[in-house]
Amino acid sequence: MSKLVIYNTLTRRKEVFEPLNPPHVGLYVCGPTVYGDPHLGHARPAITFDLLFRYLKHLGYKVRYVRNITDVGHLENDADEGEDKIAKKARLEQLEPMEVVQYYTERYHSAMRLLNALSPSIEPRASGHIVEQIELVKKIIANGFAYERNGSIYFDVVKYNKKHTYGILSGRNIDDLMANTRQLEGQDEKQNPFDFALWKKALPQHIMRWPSPWSEGFPGWHVECSVMSTKYLGEPFDIHGGGMDLLFPHHECEIAQSVAANGKQAVRYWMHNNMITINGQKMGKSLGNFITLEELFTGSHKLLDQAYSPMAIRFFMLQAQYRSTLDFSNEALQAAEKGLARLMAANRQLDRIKPSTTSSIQVNLIKEKVYEALNDDLNSPVAIAVLFDWVRQINLLAEGKESITEFDLHELKSFFRTIVFDVLGLEDEQTSGTKHAELTGKLIDMLLSIRLEAKQRKDFATSDKIREELARLGVIVRDRKDGFDWELE
RNA sequence: GGUACCGUGGCCGAGAGGUUAGGCAUUGGUCUGCAAAACCACGUACAGCGGUUCGAAUCCGCUCGGUACCUCCA
């Protein structure tokens with residue numbers, strides 16, 4: 001069998017994945033800043049790295065998956081007057097910042113659960129690691145790569161670049177950054193515009209603040225990930241993931257911080273999922289195409305023709321490779337919805353296949369091809385294409401037009417289901433959950449209206465039969481003048 | 001303007017020098033009391049223009065268009 005190969009953003013190449021301490025794998029993924037409802041942009045990394053998490057486990061690795069909750073917020077912009085996103089939201093809504101954090105964290109969790117994204121092994125919060133963040137800043141200062149201005153600490157990119165290389169992840173070089181950045185006059189405390197904050201002194205309007213040796217304030221943008229990833233995964237650790245939008249400056253700065261503090265990089269493989277567009281356009285609040293997951297699941301957005309189930313969204317995302325941009329449109333989502341239904345129907349057909357004494361198909365091929373696809377940088381679309389080849393085979397088997405031995409049938413069932421449910425993380429919504437419950441009520445109503453028609457024809461044999469059968473299932477039927485009523489026992 | 005990347009049939013989306021990706025939609029057929037499902041058949045698509053090559057969607061150059069981040073602007 002081929003080996004798992006993943007695309008490392010750092011080297012811009014596909015590399016064979018070799019964990020540092022097999023069978024253990026450390027995986028860190030940048031999680032949400034919990035100051036707003038989870039939206040489409042949150043779904044892509046969640047599903048991408050959920051697939052990775054599931055596949056690594058399937059391959060037999062013991063994975064520690066760490067995904068942070070950013071509850072300290074990021075500055076609105078790089079300038080001094082920037083305000084913490086969470087603090088701003090809290091001020092506007094007159095809440096404690098941690099109330100905002102709690103509310104949106106729960107919203108995020110429930111959306112992830114609907115998408116069937118497994119919970120991470122550890123979900124650390126930035127606010128719970130202020131002490132460690134201060135320690136990291138101290139270390140960077142001690143090594144001479146940071147300077148203080150009025151109680152704030154900044155990373156000295158120019159000095160760092162003399163000894164190391166800034167920009168290795170994003171492919172930027174500091175001379176270009178210099179050439180393309182006009183020095184802003186005014187109150188900017190930074191020596192250079194591309195220096196970044198490690199610690200910010202809190203202004204009076206900042207309501208989230210912690211004591212530190214330099215000032216009462218809060219940690220800079222990038223410190224939390226450097227701290228929490230290595231605290232729980234060691235240094236170095238295997239995989240750091242996130243969206244491509246975080247590549248620069250966030251991940252670039254994480255690398256600089258690690259090297260400045262410890263003289264070496266903390267991450268062995270960097271993985272970045274690509275972004276989502278809507279009707280070919282980027283998603284943005286100002287563009288009116290900003291869709292939350294709740295709007296997607298209920299269909300309550302003007303761009304949506306209908307509601308799309310969480311599984312339809314998940315399947316749709318898996319039909320594209322994670323490093324490609326993915327375009328959302330009603331047409332594309334409806335196509336995914338139908339494709340998923342076909343896949344699930346085939347799964348149910350598996351139970352109708354009767355074994356024979358010989359096999360006319362080669363079951364081993366499905367394994368080989370699926371593993372080959374997933375090993376190639378998680379090429380889920382190709383893996384799904386292989387599954388669809390087998391959907392046809394399964395349908396032919398169910399119709400008795402192909403034959404399969406009992407042994408092969410067992411292999412096929414078990415492998416098909418392992419990949420579909422355990423690795424791809426899909427669910428058959430038709431046989432589980434809310435849709436099912438909703439349907440039950442409608443079915444009972446339908447049966448009772450057929451019974452009513454029978455009664456009106458004086459076909460009491462049929463009407464009694466329906467009532468008795470329902471009673472046996474625990475449905476109590478009561479006749480009324482204007483029709484019927486029922487309740488569950 | 002800088003950096004990275006992308007443009008594939010009606011739609012979504014794999015592939016990456018020579019052989020059918022796949023899904024959805026459309027069309028014809030088989031099956032069927034009707035319908036649905038299923039199965040079978042059908043699509044020479046790779047932004048444009050040059051170049052390299054026996055051969056390019058796949059490599060190189062230019063042009064056009066798009067995306068993300070940075071910058072600029074607010």
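Note that the structure is predicted; figures quoted are calculated from it, not measured. We name chains A, B, ... by the order of the sequence lines, and we start the count at 1 in each one.
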Could you tell me how far apart [X] ([atom1]) and [N] ([atom2]) are, to the nearest whole angstrom?
X	N	atom1	atom2	value
A:Asn192	B:C70	CG	C1'	16 Å
A:His250	B:C70	NE2	P	13 Å
A:Arg323	B:A14	CZ	P	10 Å
A:Leu247	B:U3	CG	P	15 Å
A:Leu374	B:A14	CG	P	14 Å
A:Glu372	B:G15	CD	P	12 Å
A:Met344	B:A38	CE	C1'	18 Å
A:Asn273	B:A4	CG	C1'	15 Å

In whole Å, what separates the [atom1] atom of [N] from that of [M]?
N	M	atom1	result
B:A21	B:C12	C1'	14 Å
B:A14	B:G7	P	9 Å
B:C46	B:A41	C1'	24 Å
B:U26	B:G18	P	34 Å
B:A38	B:A4	P	47 Å
B:U71	B:G2	C1'	7 Å
B:A47	B:U58	C1'	15 Å
B:A35	B:U30	P	13 Å

Exercise. Examine B:C39: is either OP1 or OP2 under 4.0 Å from a nitrogen or oxygen in the side chain of A:Asn395? Give yes or no.
Key: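 So the side chain of A:Asn395 is within the cut-off, an N or O lying under 4.0 Å from OP1 or OP2 of B:C39.
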Review point. So does A:Ser324 get a side-chain nitrogen or oxygen closer than 4.0 Å to the phosphate oxygens (OP1/OP2) of B:A14?
Key: yes
Kindly state whether the ring of [X] and the ring of [Y] have centres lying under 6.0 angstrom apart.
X	Y	value
A:Tyr322	A:His272	no
A:Trp221	A:His250	no
A:His240	A:Tyr269	no
A:Tyr35	A:Tyr104	no
A:His58	A:Tyr371	yes

With B for base contact, S for sugar-phosphate-only contact and - for none (protein heavy atoms under 4.0 Å), nucleotides 16-37 of chain B reads -----BSBSS------------
- Chi angles and distances behind the ring-ring contact (aromatic ring centres under 6.0 Å, His included) call for A:Phe194, A:Tyr166: CA-CA 11 Å; A:Phe194 39 80; A:Tyr166 182 78; 7.2 Å; no
So A:Asp377 and A:Lys14, salt bridge (charged side-chain N to carboxylate O under 4.0 Å, His left out) or not? Walk me through it. CA-CA 7 Å; A:Asp377 196 27; A:Lys14 287 183 184 175; 5.5 Å; no
- Query: Where each residue is assigned the nucleotide of RNA chain B containing its nearest heavy atom, which of A:Met244 and A:Tyr7 is assigned the position nearer the 5′ end?
  - Reply: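 The residue closer to the strand's 5' end, by nearest nucleotide, is A:Tyr7.
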task = Report the nucleotide, chosen from B:C70, B:U67, B:C11, that has the shortest atom-to-atom distance to any side-chain atom of A:Ser329.
result =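 When the side chain of A:Ser329 is considered, B:C11 is the closest of B:C70, B:U67, B:C11.
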From the candidates B:C69, B:U67, B:G13, the one with an atom nearest any side-chain atom of A:Arg172 is B:C69
Classify [X] by what it touches in the nucleic acid, base, sugar-phosphate, or nothing, heavy-atom distance under 4.0 Å.
X	answer
A:Asn274	nothing
A:Leu396	sugar-phosphate
A:Gln321	sugar-phosphate

- Heavy-atom count around A:Arg12 CZ within 6.0 Å, excluding the residue itself: above 12?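 Buried by this count: over 12 neighbours within 6.0 Å.
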Listing, residues 385-396 of chain A side-chain donor-acceptor contacts under 3.5 Å, not counting sequence neighbours, or none:
residue  : atom : partner  : partner atom : Å
A:Asn395 : ND2  : A:Val391 : O            : 3.3

Note, RNA chain B 5' to 3' with Watson-Crick or G-U pairs under 3.5 Å encoded as ( ), [ ], | and . gives (((((((..(((.....[...)))..((((.......)))).....(((((..]....))))))))))))....
Are A:Gln306 and A:Glu337 packed together at the side-chain level, in the sense that at least one heavy-atom pair is separated by less than 4.5 angstrom?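 When only atoms from C-beta onward are counted, A:Glu337 and A:Gln306 do touch, with a gap below 4.5 Å.
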Here the pair of heavy atoms bringing A:Leu51 nearest to A:Ser380 is CD2-CB, 4.0 Å
